[in-house]
Amino acid sequence: MKKLFLSFLLAAFFSLMMVGTAAAANWVWVDSDAKTGIFFDSASIKFERSGESINDDLIYVWWYMQLDEAAARQRPFRGKVVKRFVFYDKLDLNDRTITHIDAVAYDVNEDVIDRGADGKTSRIIPGTKTETLMNAVASYAQKHREEIAERSRK
């Protein structure tokens, strides 16, 4: 009886652990070089929704750029070393533009240095890290279109 009760408790514990992580971020590596690494959260991707219609050419996504310690120290921001920038952006695949909706700068201790975005839309320049990000997110969204469309309806 003790083994049965213990097994039940163990199963319940693992079930609760899985529920807690189901909505967690799923960071996908995009690209890196000697100075930076770029990742996007595949769990955050949503298509733009207008009423009941979904436009899969307009994608919202959280992503971040991790800076190498040496590179970060060379370019301080407001007198502090920025270790990571986290962005929430809208990518327009047809127009090849990006709109910054939210941005957060973190220092080496993961403290917020600055938060906010200007909301401006800019063209994505070919050959840049932003283009690499957009292509990776677009490719992921195409492969997981049904899942993302369903998530976008909620």
Side-chain angles (χ1 to χ4, degrees), residues 14-78 80-154:
F14 283 118
S15 295
L16 287 173
M17 292 296 290
M18 289 179 7
V19 168
T21 59
N26 185 22
W27 295 107
V28 177
W29 175 83
V30 174
D31 189 30
S32 59
D33 59 21
K35 295 181 180 180
T36 60
I38 299 174
F39 304 82
F40 70 89
D41 177 13
S42 63
S44 74
I45 297 174
K46 288 188 178 181
F47 298 136
E48 186 163 272
R49 179 177 163 190
S50 177
E52 287 299 311
S53 65
I54 301 287
N55 183 351
D56 60 358
D57 290 324
L58 298 174
I59 299 174
Y60 294 85
V61 64
W62 279 101
W63 66 282
Y64 77 88
M65 182 174 10
Q66 184 82 27
L67 302 176
D68 173 74
E69 193 84 28
R73 290 197 182 283
Q74 290 176 350
R75 304 182 113 190
F77 179 76
R78 295 188 180 175
K80 295 192 177 187
V81 176
V82 176
K83 184 68 176 169
R84 185 165 47 114
F85 288 101
V86 179
F87 301 96
Y88 184 62
D89 287 341
K90 175 181 170 182
L91 301 172
D92 186 325
L93 304 183
N94 282 337
D95 290 344
R96 301 190 54 79
T97 60
I98 186 169
T99 304
H100 296 301
I101 298 169
D102 198 4
V104 184
Y106 294 92
D107 67 9
V108 293
N109 299 316
E110 291 297 314
D111 292 327
V112 174
I113 296 172
D114 192 37
R115 180 164 192 169
D118 57 14
K120 291 183 181 177
T121 299
S122 58
R123 296 233 175 260
I124 294 176
I125 300 167
T128 62
K129 291 187 182 305
T130 309
E131 181 188 45
T132 303
L133 169 74
M134 185 188 69
N135 291 339
V137 170
S139 176
Y140 184 92
Q142 185 176 8
K143 289 177 188 170
H144 302 276
R145 187 185 185 294
E146 293 302 318
E147 170 194 336
I148 296 168
E150 185 61 32
R151 183 184 318 139
S152 301
R153 286 186 178 90
K154 294 180 183 178

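Worth saying up front: this structure is predicted, and the values here are computed from it rather than measured.
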Contacts of D102 meeting salt bridge (Lys or Arg N to Asp or Glu O under 4.0 Å) (sequence neighbours excluded), chain-then-number -> R115
By side chain to side chain donor-acceptor pair (under 3.5 Å), K46 pairs with (sequence neighbours left out) none
Heavy-atom nearest pair, A103 first then A117, reads N-CB, 4.1 Å
Sorted by chain and number, sequence neighbours left out, side chain to side chain donor-acceptor pair (under 3.5 Å) with N55 holds for none
Practice item. Would you check, one step at a time, whether the test side-chain contact (heavy atoms from CB on, under 4.5 Å) holds for V82 with D107? Key: CA-CA 4 Å; V82 176; D107 67 9; over 6 Å; no
Discussion item. Could you tell me if the side chain of I124 sits less than 4.5 Å from the side chain of T97, heavy atoms only?
Written reply: no
Looking only at heavy atoms, the pair that brings F47 and A141 closest together is CE2-CB, 3.9 Å
Under 3.5 Å: donor-acceptor pair, side chain of S42, backbone of N26: yes
- Given side chains that start at C-beta, do those of K90 and I101 come closer than 4.5 Å, heavy atoms only? yes
Check: Quick one: does I98's side chain get under 4.5 Å of T130's, heavy atoms only?
Finding: yes
Here the salt bridge (charged side-chain N to carboxylate O under 4.0 Å, His left out) pairs for residues 61-70, sequence neighbours left out, are E69-R73, E69-K83
D92 and N94 have their tightest heavy-atom pair at OD1-N, 3.0 Å
Tightest non-hydrogen contact, residues G37 and S32, listed as CA-CB, 3.8 Å
So, the side chain of T132 versus the backbone of T128: is there a donor-acceptor pair under 3.5 Å, distance only? yes
- Query: Do V61 and Y88 touch side chain to side chain, with heavy atoms closer than 4.5 Å?
  - Reply: no
Residue pairs meeting ring-ring contact (aromatic ring centres under 6.0 Å, His included), one or both in residues 128-154, sequence neighbours left out, come to F40-Y140, Y140-H144
Would you mind reporting whether I59 and L93 have side-chain heavy atoms less than 4.5 Å apart?
yes
Q. If we ignore angles and hydrogens, is there a donor and acceptor under 3.5 Å between the side chains of W63 and D89?
A. yes
So salt bridge (charged side-chain N to carboxylate O under 4.0 Å, His left out) across residues 30-39, not counting sequence neighbours, yields D33-K129
So the ring-ring contact (aromatic ring centres under 6.0 Å, His included) pairs with at least one residue in residues 101-128 (sequence neighbours excluded) are none
T99 meets the side chain to side chain donor-acceptor pair (under 3.5 Å) criterion, sequence neighbours left out, with T121
Q) Can any side-chain N or O of R153 pair as donor or acceptor with the backbone N or O of I148 at less than 3.5 Å? A) no
Main-chain N/O of D41 paired with S44 side-chain donor or acceptor, under 3.5 Å:
yes
With sequence neighbours left out, the residues meeting salt bridge (Lys or Arg N to Asp or Glu O under 4.0 Å) with E110 are R84
Scanning both residues in full, the closest heavy-atom pair of A72 with V81 reads CB-CG1, 3.6 Å
By ring pair (Phe, Tyr, Trp, His ring centres under 6.0 Å), Y64 pairs with (sequence neighbours left out) W27, F39
Any W29 side-chain heavy atom under 4.5 Å of I38 side chain = no
dist S122:OG -> H100:NE2 (nearest 0.5 Å) comes out at 5.0 Å
Residues 138-149 vs salt bridge (charged side-chain N to carboxylate O under 4.0 Å, His left out), sequence neighbours excluded, gives D56-R145, E147-R151
CZ of F85 to CD of Q66, rounded to nearest 0.5 Å, is 11.0 Å
Sorted by chain and residue number, the side chain to side chain donor-acceptor pair (under 3.5 Å) partners of R96 (sequence neighbours excluded) come out as E131
